[in-house]
Every structure is written in structure tokens, then in C-alpha cells.
Amino acid sequence: MSNTSGQAYAFLSMTPIKAGEDVRLRAYIEGLARTRPFDRLRRTHFARLVILPDWVNDPSQPKADHLTSQYLIFSATFDGPRDSYLDELGKRLAPEAKEIWGRCVGCPPSARGAPLKRYLLHNQIDIGFFVAAYPDATVETVKRVLAQRKQLADFAVRTQGLEASELRHAYQQEF
Amino acid sequence: MAEPERILVLTQVNGNEHDMASTTRTTSAARPPAAAASAAAKRAKSAGGAGTRGRTSGTPRAARRTRVSASGHDSPAAKAAARSDGADTTLGTASRNVDGKAIAITVFSTVKWPGRVWLPAVFFVGSHIPTPFARTLSRLSFIHFARWTLVREMPDNGQQDESLHYPHLYFESNFNGGWQEYIDAFSHILTTGMKIFWGTSYGFPQPLPTGPFKVYIQRNEIPASHFHSAYPQATTTMILSGLELQEKLERFDEVSADLSDEAFAECWRDLLTDVQGLL
């Protein structure tokens with residue numbers, strides 16, 4: 001089990017979708033690109049919602065595996081501990097959670113707060129191997145260094161040709 | 001006398017700011033993925049383009065239909081899923097797998113019985129011991145985060161019985177660049193690693209040549225319905241460069257604090273020469 005790399009956590013859950021709810025669920029999730037609800041969970045580097053209609057079977061398999069329900073896969077890579085992240089999810093994603101996990105078998109009726117957290121934990125699949133390019137950088141750090149990088153490049157071009165004293169003054173003003 | 005050259009370099013640096021989709025990192029000791037991808041793309045093309053992806057090819061959708069039919073599970077829901085993949089993008093994948101420059105890939109494969117023992121061992125070693133595979137993977141600077149795991153059973157929520165004949169290998173990656181280039185780089189640079197991870201999966205065709213491997217991944221890929229990146233316009237290279245730049249800038253602040261103006265300016269020019277590859 002390797003759900004962490006540095007300070008980054010890799011969460012994965014698979015929840016069975018209620019019979020007859022898959023079309024509405026898919027339509028709702030596909031609309032999330034407009035509202036970007038995971039922006040409200042500021043520790044989230046990446047997140048995805050995937051509907052698994054059935055197992056992928058290869059013709060060379062002696063037997064085929066089939067799901068009796070379609071499954072909703074929720075995967076997120078975020079900063080810090082899992083429990084506090086799911087607490088935040090239960091609060092800040094509550095409006096969407098009702099429409100998402102509320103369409104899954106076994107989800108508590110409120111689909112928010114501590115009951116939703118327990119539900120997601122119950123359906124968590126531990127990760128075997130997790131790799132991160134920048135395991136110790138939080139979302140906040142990433143955004144800061146990206147802004148700083150751009151700022152430095154702009155500054156370098158803008159200050160070409162300045163006298164030494166002017167350059168130093170400009171640098172001290174900028175950084 | 002070196003000043004005009006510096007000015008030219010800095011102008012070039014600024015020009016590159018808007019061309020940030022590079023999938024290579026100049027400090028990487030590995031073969032540059034873009035170069036590998038380019039070479040692989042040429043080979044794939046000369047081999048008949050078996051690895052092409054997109055609406056013009058028809059291969060992935062045809063493959064997916066074949067898979068669904070072969071499994072005897074050509075349900076309305078499965079058909080709906082296939083229909084709503086979203087339009088393929090210029091990045092070579094469904095639009096819902098894309099957020100800005102970030103791309104999601106989600107792949108399942110069915111694992112043969114030796115994989116029940118082999119893959120947990122691979123995961124353990126990979127997670128606890130620095131391996132050439134992990135080092136190379138971290139140098140593939142177009143991957144933000146990737147993960148593998150085995151799904152052996154489904155959590156019990158009171159739904160119908162979901163007993164499995166086989167474990168299923170889950171793989172996901174969050175990367176930037178293009179789908180084709182990603183698979184090419186994986187196949188050419190992590191050839192052994194691919195065999196280690198997918199060698200116990202049914203139908204795995206070996207990573208090289210890339211054409212059949214791409215068809216395999218396409219057949220086994222499940223498109224996302226929603227994909228989110230906190231920094232959708234950032235490539236992994238930009239982030240790693242930014243982190244390295246931050247360290248150098250902190251050192252510059254320490255070193256230059258007590259210098260004369262002239263020495264500060266010289267130190268600044270040295271810094272820019274040093275970090276131009278990071279901007």
C-alpha cells in the first residue's frame with residue numbers, strides 16, 4: 001500500500017451506481033467542467049470522476065469478469081492528510097456530492113459531512129504504487145513558483161540595459 | 001563584449017515563455033521524450049500507422065466495440081458510455097480527459113494469476129527502494145502524478161454480488177503533452193518497466209513496437225467524465241523549473257544582499273545566465 005508520496009496523497013474510491021441512475025449521473029458529471037467544483041478544494045492537485053461500465057475483458061481470458069453495477073471512480077491527488085481532505089470535501093462539495101454520490105448504492109441520504117466521509121472511506125481502494133514529480137510541493141507552492149517564474153522572466157526582459165543602481169532598485173521593488 | 005549575447009538570450013527566453021508545452025527537461029539524463037516520441041512516431045507511421053488515434057482512424061472505437069461485444073456486455077449503458085467519450089482533441093484523447101494542458105489517462109487490465117503475487121511485490125519494491133524505473137519515471141518530466149493498484153474485490157455496499165475471477169490492474173496518469181507522445185515515451189524509455197507492470201495482464205502485446213501497445217491501451221482506457229487540474233496551464237517542466245528557480249533566487253538574495261551595485265548587477269547577470277533554461 002502506498003497512498004502517499006512526500007506530502008501528496010493519492011485517494012481512490014469505487015462506488016456502485018444505482019440502477020437506472022447512470023445516464024443522469026454521467027450527464028451531471030460531464031457538466032462539472034463549467035463550474036469546476038474542485039477549485040473549492042484548494043488542496044486538490046488533480047481529480048477525476050470516471051464511470052466504469054464494465055471490466056475490460058481480453059479475448060484471451062479463460063473467463064470474463066462482469067460488473068453487476070456500473071461504478072463511479074473518484075480519484076484525487078491532494079496535499080496532506082486524507083481525513084481532513086475528506087472533511088473539507090464533505091463541506092465544500094456538498095451541493096455536488098448529493099448529485100454525484102447520492103446516485104450511488106449505500107451513500108447516506110444527506111451525502112455530506114461525516115456520513116459522506118465514512119462512505120468514501122468504506123469504498124477506498126488503496127494504491128499500490130504512487131509516483132509524483134514534485135511530491136513535496138503543495139498546490140499553493142506550485143502556483144507561487146509558477147507566478148514567480150513568469151514574474152522573473154518579465155522582469156529580466158524589462159530591466160535589460162538598466163544601470164547597476166537602477167537594476168538593484170527595480171529588483172528590490174519587485175521581489 | 002558578452003553583453004549583446006546576453007540580451008539576445010534574454011529576448012529568446014521571453015519568447016519561449018509562451019511555448020511552454022515542452023515535454024522535455026534539459027537537465028534530464030534520460031533520452032528526451034520528445035525525441036523518442038518523434039522517432040517512434042516515424043516508426044509507427046512507417047509500420048502502417050497502427051497506433052493512430054482519433055476519429056480519422058476508427059481504430060480505438062472499433063477496438064472498444066470489439067471488446068464490449070466480445071465480453072457479451074453490449075448493454076445500453078455501455079453503448080451510451082462509448083458514445084459520450086467526448087470529441088477527440090488535438091492532444092489525441094477525448095476532450096473530457098483534458099483540462100488545459102493536463103491530460104488524464106485511466107486504464108484497466110485483467111491480471112493473470114502470477115500477477116496476484118508479482119504485482120504486489122513490484123509495488124512494494126517500487127515504493128520502498130529507489131529503482132532505475134522510478135528514477136527514470138521521475139525524469140519523464142511530462143508526468144505530474146501516476147499510480148497503479150490492484151483491484152481484487154469490490155467494496156460491499158449491499159449491491160449485487162461482485163465476485164471477481166481475476167484481479168484488475170488500475171493505472172492512471174496525470175500528464176501533459178500529447179497522448180501519442182506519452183505512450184511513445186513510455187514504450188521507448190520505460191520498456192522494461194512496462195513489461196514489469198503489464199507483463200502479467202491478459203492481452204499485453206509488449207511495449208515495442210508501439211503500434212500494438214497503443215491499440216492495447218486504447219482498448220483498455222476508460223474515458224473520464226470530469227477531469228480537474230488546479231493549474232491547467234502548467235506543464236510539469238514549468239513546475240519543476242519554477243521550484244528550482246525558487247531555490248536559486250533564494251540563494252541569489254542571500255549572496256547579493258551586501259554587494260555593491262556593480263557587483264549586484266554582475267551577480268544578477270550570472271544568475272540569468274544560470275537560470276535561462278528554467279525560464
Side-chain angles (χ1 to χ4, degrees), chain A residues 2 10 14 16 22-23 26 29-30 32-33 36 38 44-61 63-70 75 77 105-106 122-123 125 127-134 137 139 142-143 145-146 148-149 153 156-157 160 164-165 167-168, chain B residues 7 10 13-14 17 67 70-71 73 77-78 80-81 84 104 106 108 110 123 126-127 137-138 143-151 155 157-160 162 164-166 168 172 174 202-203 220 222 224-231 234 236 238-239 242-243 245-246 261-262 264-265 272 279:
Chain A
S2 180
M14 296 180 69
D22 55 289
V23 174
R26 183 182 295 279
I29 292 175
E30 288 178 355
L32 296 177
R36 300 184 61 85
F38 286 100
T44 310
H45 288 265
F46 293 93
R48 71 184 67 186
L49 292 160
V50 181
I51 292 178
L52 178 65
D54 196 7
W55 293 117
V56 179
N57 287 294
D58 188 85
S60 65
Q61 290 175 220
K63 298 176 183 175
D65 267 335
H66 293 296
L67 291 168
T68 57
S69 307
Q70 296 193 54
S75 163
T77 304
V105 177
H122 175 72
N123 289 284
I125 308 283
I127 301 305
F129 183 42
F130 174 42
V131 289
Y134 36 93
V139 172
V142 169
K143 289 183 173 179
V145 300
L146 288 170
Q148 184 182 55
R149 177 173 171 269
V157 173
Q160 288 181 67
S165 60
L167 172 66
R168 183 170 212 163
Chain B
I7 290 172
L10 292 177
V13 164
N14 190 48
E17 180 64 28
R67 177 250 298 180
S71 71
H73 196 72
S84 63
T106 310
F108 274 102
T110 310
F123 295 158
S127 300
L137 197 63
S138 67
I143 301 173
H144 297 274
F145 299 96
R147 59 174 87 172
W148 288 258
T149 201
L150 269 186
V151 180
N157 290 278
Q159 74 272 39
Q160 292 183 54
E162 293 281 16
L164 304 176
H165 294 110
Y166 312 96
H168 293 260
E172 74 158 59
N174 307 271
Y202 282 102
N220 289 267
I222 312 294
S225 290
H226 178 61
F227 176 54
H228 169 89
S229 168
Y231 28 84
T236 312
M238 290 167 63
I239 295 165
L243 291 167
L245 190 62
Q246 182 186 37
D261 288 347
E262 286 69 24
F264 175 89
L272 290 186
L279 294 174

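The shown structure was predicted, so the numbers you read here are calculated from the model rather than taken from an experiment. Numbers restart at 1 for each chain; the letters A, B, ... are given by sequence-line order, proteins then strands.
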Original post:
Side chain, backbone, both or neither: which part of Lys63(A) has a non-hydrogen atom closer than 4.5 Å to chain B?
Top reply: both
Original post:
Would you say the side chain of Leu146(A) lies within less than 4.5 Å of the side chain of Ile239(B), judging by non-hydrogen atoms?
Top reply: yes
Original post:
Would you call Thr236(B) and Tyr134(A) a side-chain contact if the rule is heavy atoms closer than 4.5 Å?
Top reply: yes
Original post:
Relative to chain B, which segment of Ile125(A) carries a heavy atom at a distance below 4.5 Å: side chain, backbone, both, or neither?
Top reply: side chain
**OP:** Could you check which of Gly106(A), Ser2(A), Ala10(A) has the highest count of heavy-atom pairs closer than 4.5 Å to chain B?
**Re:** Ala10(A)
Original post:
Looking only at heavy atoms, what is the nearest atom pair of Pro155(B) and His122(A), with distance?
Top reply: CB-O, 3.8 Å
Original post:
Do Gln159(B) and Ser69(A) have side-chain N/O donor and acceptor atoms under 3.5 Å apart?
Top reply: no
Original post:
Can any side-chain N or O of Thr77(A) pair as donor or acceptor with the backbone N or O of Phe145(B) at less than 3.5 Å?
Top reply: no
Original post:
By ring pair (Phe, Tyr, Trp, His ring centres under 6.0 Å), which residues pair with His228(B), not counting sequence neighbours?
Top reply: Phe38(A)
**OP:** Please tell me if the side chains of Glu30(A) and His226(B) come closer than 4.5 Å, counting only heavy atoms from C-beta onward.
**Re:** no
Subject >> Non-neighbouring partners of Phe129(A) that pass ring pair (Phe, Tyr, Trp, His ring centres under 6.0 Å), sequence neighbours left out >> reply: Trp148(B), Phe197(B)
Original post:
Heavy atoms, side chains only, cut-off 4.5 Å: are Arg149(A) and Met238(B) in contact?
Top reply: yes
Original post:
Does the side chain of Val56(A) reach to within under 4.5 Å of the side chain of Ile222(B), using non-hydrogen atoms?
Top reply: yes
**OP:** Check each atom of Ala137(A) against the heavy atoms of chain B and say whether the ones under 4.5 Å are side chain, backbone, both or neither.
**Re:** side chain
Original post:
What part of Phe227(B) lies closer than 4.5 angstrom to a heavy atom of chain A: side chain, backbone, both or neither?
Top reply: both
**OP:** Give, for atom OH of Tyr231(B) and atom CZ of Phe46(A), the distance between the pair rounded to the nearest 0.5 Å.
**Re:** 4.5 Å
Original post:
Do Trp55(A) and Thr110(B) have side chains that get closer than 4.5 Å, going by heavy atoms?
Top reply: no
Original post:
Hey, are the side chains of Glu162(B) and Leu67(A) touching, using non-hydrogen atoms and a 4.5 Å cut-off?
Top reply: yes
Original post:
Under the 3.5 angstrom rule, does the side chain of Ser127(B) hit a backbone N or O of Gly128(A) as a donor-acceptor pair?
Top reply: yes
